[in-house]
Amino acid sequence: MLGHLIRLTACAIFLIACNAHSITADEAKAIASGEADARIEALNKAVATADDKTAAFLQALSDDAVKVAADAVLVIKDGKGYDPVSGAEVPVPDVFEDVMNNNRMRGELDSALAALKLFSKDEKTRIAAIKQLQSDADESKLPLIEKAFAAEQNAQIKEQLGLVRAAALLNSADKAKRLEAAKLLSSSTQANTKTVLLARLAQETEPDVKSALQSTLRQVEASLAWGDRLGAIFSGISLGSILLLVALGLAITYGLMGVINMAHGELMMIGAYATYVVQALFQKYLPGAFDWYLLASVPVAFLASALMGALLERSVIRFLYGRPLETLLATWGISLMLQQLVRSSFGAQNVGVENPSWMSGGVQVLGNLSLPFNRLVIVGFAVFVLLAVAWLIGRTRLGLFVRGVTQNRPIAACMGVNTARIDTYAFALGSGIAGLAGCALSQVGNVGPDLGQGYIVDSFMVVVLGGVGQLAGTVYAAMGLGILNKFLEGWTGAVLAKIAVLVFIIIFIQKRPQGIFAMKGRSAEA
């Protein structure tokens, strides 16, 4: 049995050796010089049976490191010349010509190198090569693609490679192969497949093949449409989670306390800049632990914004309770002061906040649907903050005092509750949650002095639409507005979608002034 296995292995090695051969001097010359059509033909012929030396020569050609001198072709590296056939060092002649590669030739070289990377031991390299070949695979690379398809062990990569193989068959001169390709591509969910099919349909002359391609195109478009719908839903949930984070703090300061806080966006900005400062400290003092800076930023952002909120409440807002117009004007002035403070401290330009490595990239769900890790983390973070706030308001002593003071301040004071202290705690809590929103926003957008201005109106709309003082209403309103906005953007564009959402909110509030959920209690109006 062992001897039989050894003989099979030897036969396999022999076959591989027979199928692959080193580039010859004539092949190197044909690829490096001459007309573009002849060079591409020689390139495709060499790629079909390429080995490591051929791949190295093509890479050098792509890097503009190949020179032609008389009848010889040599590779220049570190000022020294090397023979592409033997790899031996050769003297560099005094007179030589650069190899000129136009855009078409460079595209063919990139495609050939991608085909050769299909045999890489690294899965990521093979996946990247497959993605590159999806839009420019042709019949000349079919032998390499089929060889890689037969050798591939990863089921997911093999499935993607099968679609590349079908795309290469689609450009075949054989009618039967084009029909086979049309059948194979019908199950594709790749956006590039639609482009390839449209290009082939424009060239196809056979009626039966054209009909098969049109049927395949309809199936691919249906699959892509589902991906677009799911992508819009996820984008809406992602936007809704950001709106939820932004509006949660406002649901406390405005919904429960009745303070129209126009500086809420600037409290978010403080949380974002606190994240930037923590990032800078990690980069300078703990570069090896940089991936964990965001976890350290969460409590810092909360505390920075909460302390600023407590300071504002004790110094300004405590004197303006029950006077909404005055609080609006005062907090608007405070917002301008905070913006100028940040400009004086960090400059007027945006600052860069990087994603940790574990938040970079994404997960591919469908061919045209990718879910970024940073968005997924923010959705999870929004859920965590929501549950924490609901527990704090509904299950803790502080939450009981906040609800008691909100519902009936004189009775709460008569029962020994320090209402002034509770006001400070509640406002600091709402401000701290705004800081958490700023920390999250730093991972998906620019951090600058104007960060909060883009969200203050949306956050007020979420709170008013959901129902003043209602956390459940805030959740429904944030998610509903996020999903509605993203679906409308796909039909009307971003500007008209914003206008349509605003019109919808105005009409809704006209019909139901209390919002989605009305405040319940003895003082609530029926």
Side-chain angles (χ1 to χ4, degrees), residues 226-256 264-265 268 362-363 365 369-394 430 433-434 436-441 443-445 452 454-494 496-509 511-519:
W226 273 108
D228 291 338
R229 294 188 193 103
L230 293 175
I233 292 174
F234 175 75
S235 297
I237 293 173
S238 175
L239 175 60
S241 65
I242 292 174
L243 291 177
L244 177 60
L245 279 172
V246 173
L248 271 178
L250 201 63
I252 295 173
T253 57
Y254 174 60
L256 293 181
H264 186 75
M268 289 166 41
V363 55
V365 179
L369 176 58
S370 178
L371 307 182
F373 287 138
N374 59 347
R375 295 279 181 173
L376 289 171
V377 170
I378 288 175
V379 171
F381 182 64
V383 172
F384 169 76
V385 173
L386 172 65
L387 294 176
V389 171
W391 173 80
L392 187 65
I393 297 297
I433 296 171
L436 294 179
C439 179
L441 284 171
Q443 302 300 303
V444 294
Y455 291 93
I456 185 65
V457 175
D458 289 339
S459 59
F460 270 105
M461 286 196 302
V462 168
V463 174
V464 172
L465 181 64
V468 175
Q470 298 294 318
L471 286 181
T474 303
V475 176
Y476 282 106
M479 291 301 168
L481 290 180
I483 294 174
L484 178 63
N485 193 73
K486 287 301 178 182
F487 270 103
L488 289 176
E489 279 184 9
W491 294 332
T492 64
L496 289 179
K498 282 282 187 183
I499 296 173
V501 168
L502 183 58
V503 171
F504 165 76
I505 292 174
I506 292 172
I507 295 173
F508 185 89
I509 296 301
K511 299 294 183 182
R512 189 177 175 85
Q514 303 91 347
I516 298 175
F517 294 98
M519 176 73 81

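Here the structure is a predicted model, which is why all the values come from computation and not from measurement.
Using a 4.5 Å heavy-atom threshold, the side chains of Met461 and Leu502 count as touching. In this structure, Val383 and Leu244 have side chains that are not in contact, with every pair of non-hydrogen atoms separated by 4.5 Å or more. Side-chain contact between Val444 and Ile242 is present, with at least one heavy-atom pair separated by less than 4.5 Å. For the pair Phe234/Ser370, no side-chain contact is recorded, criterion being any heavy-atom separation below 4.5 Å from C-beta on. Residues Leu484 and Met479 have side chains not in contact (no heavy-atom distance under 4.5 Å, counting atoms from C-beta outward).
Arg375 and Ser238 make their closest contact through CD-OG, 2.8 Å (heavy atoms, listed as atom of the first residue, atom of the second, distance). Smallest separation of non-hydrogen atoms from Leu243 and Gly482: CD1-N, 4.4 Å. Here the closest non-hydrogen pair linking Gly454 and Asp458 is O-OD2, 3.8 Å.
If you run side-chain contact (heavy atoms from CB on, under 4.5 Å) between Ser459 and each of Val463, Val462, Ile456, only Ile456 comes through.
Separation of atoms CG (Leu376) and CD1 (Ile237) is listed at 10.0 Å; rounding is to 0.5 Å. Taking CG of Leu245 as the start and OH of Tyr455 as the end, the distance is 10.5 Å to the nearest 0.5 Å.
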*Does the side-chain contact (heavy atoms from CB on, under 4.5 Å) test come out yes or no for Ile483 and Leu239, once each step is laid out?*
CA-CA 8 Å; Ile483 294 174; Leu239 175 60; over 6 Å; no
*Begin with the C-alpha distance, continue with both residues' side-chain angles, and end with the deciding distance and a verdict on side-chain contact (heavy atoms from CB on, under 4.5 Å) for Leu496 and Trp491.*
CA-CA 9 Å; Leu496 289 179; Trp491 294 332; over 6 Å; no
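Tyr476 OH: 12 or fewer foreign heavy atoms inside a 6.0 Å radius.
A donor-acceptor pair under 3.5 Å is formed between the side chain of His264 and the backbone N or O of Val246.
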